[in-house]
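From a predicted model like this one, the values you see are computed outputs, not experimental measurements. Protein chains get the first letters and strands the later ones, always in sequence-line order, with residue 1 at the start of each. The analysis underlying the following values was restricted to heavy atoms, covering all of them including side chains, and did not include hydrogens, waters or symmetry mates.
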Amino acid sequence: MILLKIDEQLKIIKRGVVDIVTEEELINKLKSGKPLRVKLGIDPTATEIHLGHTVALNKLRQFQDLGHKAILIIGDWTAMVGDPTGRMEERPYLDKATVLKNVSSYKQQAFKILDKNNLDIVYNSEWFNKISFEEVLKLCSKFTLAQMLEHESFEKRYKEGIPLTLLEMMYPIMQGYDSVVIRADIELGGTDQKFNVIAGRFLQREYGMEPQVGLFTPILTGLDGKNKMSKSLKNYIGINDKPEDMYGKVMSIPDELIIQYFELLTDIDVEKIKDIKREINNGQNPMEFKKMLAYNIVTKYIGKKEAEFAKEHFQKTFSEKEIPYHNYKYSWDFETDEVTIADFLKKLKIVESNSDARRLVEQGGFYINDNRVDDFKRIIKKSEMPFTFRAGKKNFGIFE
RNA sequence: GGGGAGAUUCCAGAGCGGUCAAAUGGGGCAGACUGUAAAUCUGUUGGCUUAUGCCUUCGAUGGUUCAAAUCCAUCUCUCCCCA
């Protein structure tokens, strides 16, 4: 693989990157002409990768395409500890079985973005299972409390009197040690990873290595337009989402996020994105661009055919107010031929309790065959099939 | 090791013997409006065969009382100050 010229590489590398520590070191590393070892760590704390994760994954892919060596660290060990970054409370300690379960699905999802060929996948349990306590102490001796408190999350928690354990403070050290073990030249991460990445630089230096360069991508804002995209806040778009859901979720983002999403989640040319920005500012309906964005994202992560489908689905559902019941087919799966609304909704996992169901009905959010149901005591009969139902805005389907 | 403060429903945070399923705000959900945007407004937000009824909930366990989130004891956890 022949590497591109340095300035051409830099142009690609720097797209969507908000900070480099340091650019000068990066250039020097590129000048060596050798493929660089580019590290990205992901902790399998949940089963699903969402678009927030893909920002850095995309960047890693770009390095692969440039001929560098991608090293994906699966933090099966660090996942148990949990990254305390940005957290105001201790994360529940994940058990090994859960983590292992997450690992396999993570890998499958990561391959949607990464090139399998030029990729090393390593688990940090490989070294953390073996590390001696002596070595751990040695690592700890490199850091002072004051250094740790430079970490904003730690300082904040400390100052506000919120519990902060030593275990959590070990996290940056562990992540840094990963870089030492795999001899990373570059580490990718969101800006929130700065402290952890810099800890890696620090440790590498202590171990007599040239420090890695930190390359930071912005944090993708979630669907609520306020917080970072995360599973726990339920403001995410999953990489395994159904095409129509992915499309729909993109359509539901606040307008202010459109440009950010274009920049971080699509391969659309930077100049083109600037044009879009200008047009929106000139009063063009942002919805049109949002549709384009949604189409692009679905195409990229799922496929063109699915994107077409999702687009049509959206058009029908929301623009023409025709609810596509037929896309969600159900068969009569109840124990009896007659069920109450509460049982119906509980079985479909739309509500969790009878009270919940009652509320939904009382508030006018339940429809059968497009007729609002006011009577909570109404019985749904198998003989009514086929019929359509709708509960709130997001849940609907047809029984046939 | 010593002293002090605290643990409340999804979150923050009131309540400090009955009127407490527990104020208020945030979040969630539903409705109106709309571009499944934002903003706004309204309702709702423990559970139960809807009942001015019952059950479970205010860190845990025991106790006092006709009655406890509220008082007492012990325990667990957290924060602060001093060593």
Counting any heavy atom closer than 4.0 Å, what does G364(A) reach on the DNA or RNA strands: base, sugar-phosphate only, or nothing? sugar-phosphate
Pair assignment for A12(B), Watson-Crick or G-U wobble, requiring both distances under 3.5 Å: U24(B)
V339(A) with I398(A), same ILVMFWY side-chain cluster at under 4.5 Å: yes
Report the residue (I258(A) or R372(A)) whose heavy-atom-nearest nucleotide on RNA chain B is the more 5′ of the two. R372(A)
Just to confirm, is there a sub-4.0 Å distance from OP1 or OP2 of G47(B) to any side-chain nitrogen or oxygen of R359(A)? yes
Please report the distance, rounded to the nearest Å, between CG in N235(A) and P in G28(B). 10 Å
For the side-chain contact (heavy atoms from CB on, under 4.5 Å) test, which of N124(A), V122(A), V103(A), N102(A) pairs with I74(A)? V103(A)
Separation of F289(A) atom CZ from A38(B) atom P, in whole Å? 19 Å
Say we look at G3(B) and C48(B): how far apart would their C1' atoms be, to the nearest angstrom? 48 Å
Would you kindly give the CD-to-P distance between Q260(A) and A38(B), to the nearest whole Å? 16 Å
Indicate, yes or no, whether a donor-acceptor pair under 3.5 Å links the base of G43(B) to the side chain of Q363(A). yes
Using the P atom as the reference point in each nucleotide, state the distance between G13(B) and A67(B) in Å, no decimals. 33 Å
Which whole-number value in Å describes the distance from K346(A) NZ to G47(B) P? 11 Å
Is a salt bridge present between D65(A) and R61(A), judged by a nitrogen-to-oxygen distance below 4.0 Å? yes
Tell me which nucleotide among C79(B), G31(B), G35(B) gets nearest to the side chain of K393(A). G31(B)
Looking only at side-chain N and O atoms, does S355(A) come under 4.0 Å of OP1 or OP2 in C48(B)? yes
Can you tell me how far C1' in G43(B) sits from the matching atom in C33(B), rounded to whole Å? 15 Å
Starting at atom NZ of K242(A), determine the distance to atom C1' of U36(B), rounded to an integer number of angstrom. 16 Å
Judged by nearest nucleotide, the residue sitting upstream toward the 5' end of RNA chain B, Y158(A) or K394(A), is K394(A)
Taking the P atom in each of A23(B) and U74(B), what is the distance between them to the nearest angstrom? 33 Å
A21(B) and U42(B), which share atom name P, separated by this distance in whole Å: 27 Å
In whole angstrom, what separates D374(A)'s CG from G43(B)'s P? 19 Å
Counting only Watson-Crick pairs (N1-N3 plus N6-O4 or O6-N4) and G-U wobbles (N1-O2, O6-N3), all under 3.5 Å, who is the partner of C79(B)? G4(B)
I'd like to know if K381(A) and D337(A) make a salt bridge, using a cut-off of under 4.0 Å between side-chain N and carboxylate O. no
Separation of atom CD1 in I350(A) from atom P in G28(B), rounded to whole Å: 19 Å
Just wondering, more than 12 heavy atoms not from K112(A) lying within 6.0 Å of its NZ? yes
Is any side-chain nitrogen or oxygen of S353(A) closer than 4.0 Å to OP1 or OP2 of G47(B)? yes
For K290(A), which contact category applies under a 4.0 Å heavy-atom criterion: base, sugar-phosphate, or nothing? base
Is any N or O donor-acceptor pair between the side chain of D224(A) and the base of G27(B) shorter than 3.5 Å? no
Roughly how many Å is it from CD1 in I162(A) to P in C11(B), rounded to a whole number? 14 Å
If the threshold is 4.0 Å, N to carboxylate O, is there a salt bridge linking K29(A) and D185(A)? yes
Run the salt-bridge test on R157(A) and E168(A) with the 4.0 Å N-O cut-off and return the result as yes or no. yes
Sugar-phosphate, base or nothing in reach of L257(A), heavy atoms under 4.0 Å: nothing
Counting Watson-Crick and G-U wobble pairs only, both distances under 3.5 Å, name the nucleotide matched with U65(B), or none. none
Pairing nucleotide - A32(B), Watson-Crick or G-U, each distance under 3.5 Å: U40(B)
